[in-house]
Amino acid sequence: MAEVIPARPHETPHPGEHLKDYLDSQGMSQTEFCRRAGVSEKHVSQIISGKAGITADMAVTIEQVLGGGAAMWVNIDAAHRFRRAREQQAQIAADSVEWAARFPVSDLRARGIIHAKRMGPAVAEELFRFFAVAAAEEWDAVYGAATARYRQSTAYAASLYSNAAYLRICELKSDLEDLAAFDRTALESALQTVRSRLGEHPEALLSEARDLLRPCGVALVIEPALSGSRLNGAAFWPRRNRAIIALTGRFATADHLWFSFFHESAHLLLHRERDVVEIDNGCGDLENEADSFARDILTGMLQHDGSLGHGSYMELKRPVDLSMGNDASA
């Protein structure tokens, strides 16, 4: 049975070193080996000097001439290339520490996403895995542009890095949901059902809303905001036919919660085909349209109940226990 060389990062020299050792041990010159193997001296010289690797064809040829087993030679080469790739990735992480420091690392550590105790290359590597990207450059290509429509505070500048991390957390949570393909008509019907029941306890209705949205192709995720994100909520499409409504419950009262819920729902209904995503300070035409949609729904509910104009808004002012809502979306 051919010998298999495991990939040990600190014991994987270039296969050319092994080839030279084999030639020396058998007292065979490179010229003689090339004549027997039918390969050029230039190519063998490149292998021995570390400038070229050992292909499967060359491994079979070496086995025929020198022995050792073709699989062994292939594994020696693969182990060396694997070590080099790991070294290159480690260097990329080391060069990305400043990039990693832009994220709310303390928050991510508290939520079990980052495990490294100190800022350094290990944090960068964990962020690469969290975002499923190879390096910071690829992160910029995927997350550097706006990827969601937000309802956020205008009082402070929001961090692109905090927002991106928040969306990623919500995306990973939504992957646990058994969602149907997005259905606009079903979503409109589900929103009307939620609207008709706004007088109920918000914690129970949040759980019900989550169940109502799942067959519509929408995951409702209740996730506290990360530091620097300034978000009340977000709506985005992690997959072509899957949507997410994320709510932070920033003010923890039913009126703010449901306004954000219907605001983000409006983005899914009204703005799916819009290429321009307006997120700066939570303003712009798209945000205004979403605000109007949410305001009309809540105003309509109060008018239907006969409470508009009578100062009876307390149903929508009650506090919300978001720990229950968060458990419901976990």
Side-chain angles (χ1 to χ4, degrees), residues 92-140 142-177 203 206 210 219-236 238 244-253 256-257 260-261 263-264 277 279-282 319-330:
I92 289 172
D95 294 339
S96 301
V97 173
E98 183 178 346
W99 169 83
R102 299 171 186 172
F103 291 90
V105 173
S106 294
D107 279 12
L108 295 176
R109 189 179 287 121
R111 299 189 193 192
I113 294 167
I114 298 297
H115 299 90
K117 295 182 179 180
R118 295 183 180 180
M119 178 57 65
V123 172
E125 289 181 348
E126 289 191 87
L127 285 170
F128 294 154
R129 288 192 291 271
F130 170 60
F131 284 107
V133 296
E137 183 177 352
E138 284 69 36
W139 186 93
D140 288 339
V142 175
Y143 295 94
T147 58
R149 298 179 175 103
Y150 307 137
R151 180 168 180 261
Q152 61 187 19
S153 169
T154 60
Y156 304 96
S159 164
L160 166 67
Y161 301 91
S162 291
N163 284 347
Y166 180 81
L167 298 183
R168 181 60 174 163
I169 291 172
C170 294
E171 179 182 352
L172 292 175
K173 284 196 168 188
S174 77
D175 285 343
L176 303 176
E177 298 278 0
E203 294 87 355
L206 271 178
R210 178 172 174 260
L220 175 59
V221 179
I222 312 298
E223 180 69 23
L226 296 168
S227 60
S229 68
R230 316 298 180 192
L231 296 180
N232 296 315
F236 60 108
I244 294 175
I245 293 175
L247 301 177
T248 66
R250 191 160 173 258
F251 294 101
T253 57
H256 286 97
L257 178 77
S260 292
F261 172 81
H263 174 103
E264 303 307 340
V277 177
I279 62 171
D280 294 340
N281 296 321
V320 181
D321 181 1
L322 289 176
S323 62
M324 179 181 293
N326 198 38
D327 289 342
S329 65

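Note that the coordinates shown come from a computational prediction; the quantities given were computed from them, not determined experimentally.
Using a 4.5 Å heavy-atom cutoff, the side chains of Leu226 and Ile169 are in contact. Counting only heavy atoms from C-beta outward, the side chains of Val142 and Phe131 never approach each other to under 4.5 Å. At a threshold of 4.5 Å between non-hydrogen side-chain atoms, the residues Val221 and Leu247 do not count as touching.
Expressed to the nearest 0.5 Å, how far CD1 of Ile245 lies from SG of Cys170 amounts to 11.5 Å. In this structure, the separation between CG on Leu108 and CD1 on Ile113 is 5.0 Å, given to the nearest 0.5 Å. Interatomic distance, Ile222 CD1 to Lys173 NZ, rounded to the nearest 0.5 Å: 9.5 Å. Atom CD1 of residue Ile244 and atom OG of residue Ser174 lie 3.0 Å apart, to the nearest 0.5 angstrom.
Residues meeting the side chain to side chain contact (heavy atoms under 4.5 Å, CB included) test with Ala100, sequence neighbours left out: Met119, Val123, Ala124, Leu127. Residues satisfying the ring pair (Phe, Tyr, Trp, His ring centres under 6.0 Å) criterion with Phe261, sequence neighbours excluded, are Trp258. Applying the side-chain hydrogen bond (donor to acceptor under 3.5 Å, both in side chains) criterion to Glu171, with sequence neighbours excluded, gives Arg168, Arg239. Considering only residues two or more places apart in sequence or on other chains, Phe128 meets the ring pair (Phe, Tyr, Trp, His ring centres under 6.0 Å) condition with Trp99. Here Glu137 pairs with nothing under the side chain to side chain contact (heavy atoms under 4.5 Å, CB included) rule; sequence neighbours left out. Remark: Asp95 engages Gln91 in a side-chain hydrogen bond (donor to acceptor under 3.5 Å, both in side chains) (not counting sequence neighbours).
Legend: side chain to side chain donor-acceptor pair (under 3.5 Å) pairs involving residues 102-113, not counting sequence neighbours, sorted by first then second residue: Arg102-Tyr161, Asp107-Ser227, Arg111-Glu223. Residues in residues 123-133 take part in these side chain to side chain donor-acceptor pair (under 3.5 Å) pairs, two or more places apart or across chains: His115-Glu126.
Without hydrogens or angle criteria, Glu264 side chain to Ala235 main chain gives a donor-acceptor distance under 3.5 Å. Although no hydrogens or angles enter the test, the distance criterion places no donor-acceptor pair under 3.5 Å between the side chain of Ser229 and the main chain of Ala225. Judged by distance alone, the side chain of Thr248 and the main-chain N or O of Leu231 form a donor-acceptor pair under 3.5 Å.
Here the closest non-hydrogen pair linking Val97 and Pro121 is CG2-N, 3.6 Å.
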Note to self: Apply side-chain contact (heavy atoms from CB on, under 4.5 Å) to residues Leu257 and Leu206 and explain how you reach the verdict.
What the structure shows: CA-CA 10 Å; Leu257 178 77; Leu206 271 178; 3.9 Å; yes
Check: Step by step, would you call Tyr143 with Asn163 a side-chain contact (heavy atoms from CB on, under 4.5 Å)?
Finding: CA-CA 10 Å; Tyr143 295 94; Asn163 284 347; over 6 Å; no
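With hydrogens and angles left out, the side-chain atoms of His256 and Thr253 include a donor and acceptor closer than 3.5 Å.
Remark: aromatic rings of Phe130 and Phe103 are distant, center separation not under 6.0 Å.
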